[in-house]
Trainee: 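Below is a structure I'd like to ask you about.
Note that these values count all heavy atoms, side chains included, but never hydrogens, waters or copies made by symmetry. Here is the naming used below: chain letters follow the sequence lines, and residue numbers restart at 1 for every chain.
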Protein chains: 4
Amino acid sequence: MSSFKERKIAKKKEEILRSAAAIFAEKGYHGTTMEEVAARLLMTKGSMYYYFKNKDDLLFHCHQMIMEKSIGQMEEILNSPLTWTEKLTNAIKAHVQLATSEKSMFMVMDKPNQHFTDEYLQEILASRTKYAQYFDRILLEGIRLKEFQNVDVKMVRMIILGALNWIQEWYRPEGEKSSEEISNAFSAYLLKILL
Amino acid sequence: MSSFKERKIAKKKEEILRSAAAIFAEKGYHGTTMEEVAARLLMTKGSMYYYFKNKDDLLFHCHQMIMEKSIGQMEEILNSPLTWTEKLTNAIKAHVQLATSEKSMFMVMDKPNQHFTDEYLQEILASRTKYAQYFDRILLEGIRLKEFQNVDVKMVRMIILGALNWIQEWYRPEGEKSSEEISNAFSAYLLKILL
Amino acid sequence: MSSFKERKIAKKKEEILRSAAAIFAEKGYHGTTMEEVAARLLMTKGSMYYYFKNKDDLLFHCHQMIMEKSIGQMEEILNSPLTWTEKLTNAIKAHVQLATSEKSMFMVMDKPNQHFTDEYLQEILASRTKYAQYFDRILLEGIRLKEFQNVDVKMVRMIILGALNWIQEWYRPEGEKSSEEISNAFSAYLLKILL
Amino acid sequence: MSSFKERKIAKKKEEILRSAAAIFAEKGYHGTTMEEVAARLLMTKGSMYYYFKNKDDLLFHCHQMIMEKSIGQMEEILNSPLTWTEKLTNAIKAHVQLATSEKSMFMVMDKPNQHFTDEYLQEILASRTKYAQYFDRILLEGIRLKEFQNVDVKMVRMIILGALNWIQEWYRPEGEKSSEEISNAFSAYLLKILL
DNA sequence: GATGAATGAGTTTTCATTCAT
DNA sequence: CATGAATGAAAACTCATTCAT
């Protein structure tokens, strides 16, 4: 159980993370200075280092936050009493919702091996693999139960994830399509590959 | 007509570009120093500045080289006497072939607005729009002639381009799938959205 | 007469000093952070500032503690009813004992003018001079009374102090020679210069 | 054979080293900024990094320069056709001469394990051991040939090296004793331990 | 055309110190 | 008395870029 203090710190950390992600997304990781991140929060550089030991650390926790949410959503869906078709639909919709509502965080997450080494990288890669495998599982089970056609699972998963990971690059909150519409369109069209 | 000298210079430039792209792809643009690029070519930093006036210039010409090829391929396909279904199939295959054979260059090309401003950026964005519009045209014409189902063109184009642009992130020349197999799978599956 | 409270504080201060000296000795003054010193004592940085107003203050009191002991020992020896030969022998032995038992503190004490300015430095330098002069007095008196040969006092004092101040650099409590053996050897050999 | 260019670079490096050592000696390693070292040479910080990759590197090369000279001198002495008594005398005199003429460099050399780790440290420690062993050899051989009394070699070597290593702390070029006088006094007095 | 030396602006990071609670 | 959070000044180091030779 977390104390009041811990909560307060956690809140602050998330605030920093969000602010950092927004700037990273705009200017790129290297194009962003710690100074800027701090300034936008009306903090000093020094204070930021009280909460995060590194610039890398900042980036890593952006990854982690999203990965936890993504995987959490996915596990909820997998544990639900739905058909595999419905599960895939929901997984796609959930991803779209997250990618659009956390656009900055998602943008920040690409090319992890350019930014990380060792443990951090291992952890990130492990999470990604896990996420990919959840998709594979849906595809595989759907195929086994004849809900889906017999496709090359890896290829189809790559198509799906590619389409989903591209969203954050073009989505604009003020754009003509709402995230709701996008998630409907994406799930409907991508399902056509399998049905 | 280009003189011998110009040819030689062009050759050298492409050599530099290729080397630079390979390192950019591995370590990221900012993670790469001019020193490294030069060293890998057994040149000195100074010499590189004879061929490219900037680090940005290096990156820009990576973009340009690929964009020219991509658009060239696309125009050839559009000008060919094929059905729209065949054209889309070929466009997808051509993209896959290029993305796999020029993996490094493709990797280097994302998030141009993080690296460029003004003219360079305008040019890059214009090329991208042009490329996207060629896809749209295929989709639109295919729909008009009833080869394709009546889909939301923008959404489907985003799915297709997303899937294609994700390839360079996971493709490995030594991987289990050849670029040939990938291009077959991708064109087949993506077409299912439209048929 | 000191109250219970004062005693308790004095105790705590010495505890802090000892801990600080140990880390200073290992990592150097600049290489040691207040954080580390505090952490090793299971305190927080903030608390330390209750006891010592400065990092410099910490270092200064390390000096002071040793200097007081050294000079105290020396004065006791000088006031004792011994021959000058015996006094020199005892002075050397006492120094060796202190340098080995308080190795860390001694290590911390070199190059005071790199760490201090003004008053602190004056005080330290004064103590050192005093200590050196005690040695000189022993030598001078010993020579006057023909116990020692007629040597260049300053040179011989420098040899003696040099040899003694080098001990803390190589002495290891678990080493082959006990501090007892070292003090015997040092006093015996150094006396040979004078006899 | 070294080219003109190499010579020029070597000269520059030594110039930097000397300047750095002087400031290190005065203010301590940590108390000295790269800026200062550069400024005193009318260079910019950046240029210094062209010649030395590190602040550590600077310090290391100070060590190396002196260690090479010290060991070189020592080997010359050992290879000369002198008695062991004369060799020890010369070794002491040579050390005094170097310690006084290169006072700054010598001052910079203490407590290497506070500044270095790994390879650098290994190398430094190896050189020091080598130097110490040369002294031991002189003592041992002198004893074997009955030139010297039968002393505890390690203890006597520690006394000698301690006395010698203390010189740089108190020697002043403008002081009352010339380095010549010091070297005569030190060799004469220290020899008394052995004769 | 090539090169090596120099530069300087910029960035991350560290830490002693303070102070409200 | 103790503490955790904040600060700001300083320092090491990096690198794209230039330019005389």
Trainee: Round to a whole Å and report the spacing from NZ of Lys55(A) to P of dT14(E).
Mentor: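 Taking atom P of dT14(E) as the reference, NZ of Lys55(A) is at 14 Å.
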Trainee: Give the rounded distance in Å between these two atoms: CD of Glu36(D) and P of dA11(F).
Mentor: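 Result: 8 Å.
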Trainee: Roughly, in whole Å, what's the span from CD1 in Ile9(C) to P in dA2(F)?
Mentor: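 Atom-to-atom, Ile9(C) to dA2(F), this comes out as 9 Å.
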Trainee: In this structure, which stretches of DNA chain E are paired as stems of three or more consecutive Watson-Crick or G-U pairs, both distances less than 3.5 Å?
Mentor: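 Result, WC/G-U stems under 3.5 Å: E:2-21 with F:2-21.
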Trainee: Side-chain contact, heavy-atom cut-off 4.5 Å: Tyr120(D) with Asp57(D)?
Mentor: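 Heavy-atom side-chain distance check passes, below 4.5 Å.
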Trainee: Report the residue (Met43(C) or Glu35(B)) whose heavy-atom-nearest nucleotide on DNA chain F is the more 5′ of the two.
Mentor: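 Nearer the 5' end of the strand: Met43(C).
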Trainee: Within the pair Tyr51(C) and dA2(F), is there a side-chain N or O less than 4.0 Å away from OP1 or OP2?
Mentor: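 It does, given that an N or O in the side chain of Tyr51(C) lies less than 4.0 Å from OP1 or OP2 of dA2(F).
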Trainee: Glu14(D) and salt bridge (charged side-chain N to carboxylate O under 4.0 Å, His left out): which single residue from Arg18(D), Lys12(D), Lys11(D) fits?
Mentor: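 Of all the options given, the one that passes is Arg18(D).
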Trainee: In whole angstroms, how far is the C1' atom of dC15(F) from the CD1 atom of Ile23(B)?
Mentor: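 Spelled out: CD1 on Ile23(B) to C1' on dC15(F) is 15 Å.
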Trainee: Show the nearest heavy-atom pair for residues Met43(D) and Ile16(D), with the distance to one decimal.
Mentor: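 Taking Met43(D) first and Ile16(D) second, the nearest heavy atoms are CE-CD1, 3.8 Å.
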Trainee: According to a strict under-4.0 Å criterion, is Ser47(A) in side-chain N/O contact with OP1 or OP2 of dT7(F)?
Mentor: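 Checking Ser47(A) against dT7(F): at least one side-chain N or O falls below 4.0 Å of OP1 or OP2.
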Trainee: Are Glu15(A) and Leu41(A) side-chain neighbours, meaning at least one heavy-atom pair lies under 4.5 Å?
Mentor: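 Contact flag for Glu15(A)/Leu41(A) side chains = yes.
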Trainee: Side-chain N or O of Tyr49(B) less than 4.0 angstrom from OP1 or OP2 on dG1(E)?
Mentor: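 For Tyr49(B), the contact criterion (side-chain N or O under 4.0 Å from OP1 or OP2 of dG1(E)) is not met.
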Trainee: With nearest nucleotides of DNA chain E determined for Gly31(A) and Lys53(C) from heavy-atom distances, which residue corresponds to the more 5′ nucleotide?
Mentor: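 With Gly31(A) and Lys53(C) compared, the 5'-side residue is Gly31(A).
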Trainee: Would you mind reading off the distance between Phe52(B) atom CZ and dT18(F) atom C1', rounded to a whole angstrom?
Mentor: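 Taking atom C1' of dT18(F) as the reference, CZ of Phe52(B) is at 19 Å.
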Trainee: When the nearest nucleotide of DNA chain F is assigned to Tyr29(D) and to Met48(C) on a heavy-atom basis, which residue is associated with the more 5' position?
Mentor: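 Comparing both residues, the 5'-ward one is Met48(C).
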Trainee: Just verifying a value: how many Å separate His61(C) NE2 and Ile66(C) CD1, rounded to the nearest 0.5 Å?
Mentor: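 Answer rounded to 0.5 Å: 13.5 Å.
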Trainee: Quickly work out the Tyr50(B) OH to dT17(F) P distance and round it to whole Å.
Mentor: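 Interatomic distance, OH of Tyr50(B) to P of dT17(F): 19 Å.
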Trainee: Is a donor-acceptor pair below 3.5 Å formed from side chain Lys45(C) to base dT17(E), judging by atom type as modelled?
Mentor: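 Answer is yes: a donor-acceptor pair is held.
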Trainee: Search all heavy atoms of His63(D) against all heavy atoms of Val108(D) and return the closest pair with its distance.
Mentor: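 In this case the closest contact between His63(D) and Val108(D) is CE1-O, 3.9 Å.
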Trainee: Under 4.0 Å between any heavy atoms, over every strand shown, what does Lys12(A) touch: base, sugar-phosphate, or nothing? Just pick one.
Mentor: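 Sugar-phosphate, no base atom in range.
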Trainee: Output the distance between atom CD (Glu26(D)) and atom OG1 (Thr32(D)), rounded to the nearest 0.5 Å.
Mentor: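 That separation rounds to 8.0 Å.
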Trainee: Can you tell me how far P of dA16(F) sits from CG of Leu58(B), to the nearest Å?
Mentor: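 To the nearest whole Å, that distance equals 10 Å.
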Trainee: On DNA chain E, check which nucleotide each of Asp56(C) and Thr33(A) is closest to and give me the residue with the more 5' one.
Mentor: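 Looking at the nearest nucleotide for each, Thr33(A) comes out on the 5' side.
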Trainee: To check you understand the geometry: which heavy-atom pair defines the closest contact between Leu58(D) and Phe24(D), and what is its length?
Mentor: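 Looking at all heavy atoms of both residues, the closest pair is CD2-CZ, 4.4 Å.
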Trainee: Ignoring backbone atoms, test whether Asn54(B) places a side-chain nitrogen or oxygen under 4.0 Å from the OP1 or OP2 oxygen of dA16(F).
Mentor: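 So the side chain of Asn54(B) is outside the cut-off, no N or O lying under 4.0 Å from OP1 or OP2 of dA16(F).
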Trainee: Round to a whole Å and report the spacing from NZ of Lys27(D) to C1' of dA11(F).
Mentor: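 Computing the Lys27(D):NZ to dA11(F):C1' distance gives 14 Å.
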